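Computed over heavy atoms, backbone and side chain alike; hydrogens, waters and symmetry mates excluded. Only a predicted model underlies this, so the values are computations on that prediction, with no experimental measurement involved.
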Amino acid sequence: MQKRVFYIIFTLATLLLTACGSETKEEREVMTVARDFAEAYFNYDFDKASKLLTDDSRKWLNFEASNLTEDDMVTLRNDGQGAEVDVDNPIISGDGATVGIKVSHFHVTDSLAGGGHLEEEATFAVGLQRQADGRWKVRMEGPLRSGM
């Protein structure tokens, strides 16, 4: 009898711990899209980033691309490391979601000062929207700015 009670308690505890630490399929989808977008965006792969955006968000990507200068391109070519992205804290509410993104070692354009610079680390909040076909896409309301 004691073995049976122990087995039941052990099984329930295992199920509880597993359920608390696991992500839902929807959270994984949101985080994957956000990560893929951020890796493309912060490494200036605008073609790939564009495919992960809502239609009305592409104007902001075009804006970012139009602000790249020759000095920015030289800096990017000389930097062999590229941006590193860490995604967490998905908050999903209906057809919208927000994800926290920490980006390390990335290039920041600065049209006012005449050239960009490398930034060591910053955090961003990225919004996503579920499309009619069920897929998640990033929704930009303006250029991405740090400071979650």
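If you run side-chain contact (heavy atoms from CB on, under 4.5 Å) between F37 and each of V99, V138, I101, L128, only V138 comes through.
Taking CH2 from W136 and CZ from R28, the interatomic distance works out to 14.5 Å, rounded to the nearest 0.5 Å. We find the CG-OG distance between D55 and S50 to be 9.0 Å, quoted to the nearest 0.5 Å. One distance of note links CD1 of I91 with CD of E27; it measures 10.0 Å at 0.5 Å rounding.
Under the ring pair (Phe, Tyr, Trp, His ring centres under 6.0 Å) criterion, F106 pairs with F42, F124, sequence neighbours left out. Applying the side-chain hydrogen bond (donor to acceptor under 3.5 Å, both in side chains) criterion to E119, with sequence neighbours excluded, gives H117. Not counting sequence neighbours, the partners of Y44 by the ring pair (Phe, Tyr, Trp, His ring centres under 6.0 Å) test are F46, H107. Not counting sequence neighbours, D45 has no partner by the salt bridge (charged side-chain N to carboxylate O under 4.0 Å, His left out) test. Scored by the side-chain contact (heavy atoms from CB on, under 4.5 Å) test, E84 finds Q81, S104 as partners (sequence neighbours excluded).
Taking both residues in full, the closest heavy atoms of A38 and V85 are given as CB-CG1, 3.7 Å, listed atom of the first, atom of the second, then distance. Of all non-hydrogen atoms in V30 and A97, the two that sit nearest each other are CG1-CB, 4.0 Å. Of all non-hydrogen atoms in A40 and A49, the two that sit nearest each other are CB-N, 3.7 Å. Summarising the geometry of T54 relative to Q131, their closest heavy-atom pair is CG2-NE2, 3.5 Å, with the distance given to 0.1 Å. Taking every heavy atom of both residues into account, R58 and L53 meet most closely at NH2-O, 3.4 Å.
Side-chain atoms of D95 never come within 3.5 Å of backbone atoms of R130 as a donor-acceptor pair (strictly under, hydrogens ignored). A donor-acceptor pair under 3.5 Å links the side-chain atoms of S66 to the main chain of F63, judged by distance alone.
Residue pairs that meet the salt bridge (Lys or Arg N to Asp or Glu O under 4.0 Å) test with at least one member in residues 132-143, sequence neighbours left out, are D56-R139, D133-R135, R139-E141.
Within the 4.5 Å cutoff, the side chain of W60 has no heavy atoms near those of the L144 side chain.
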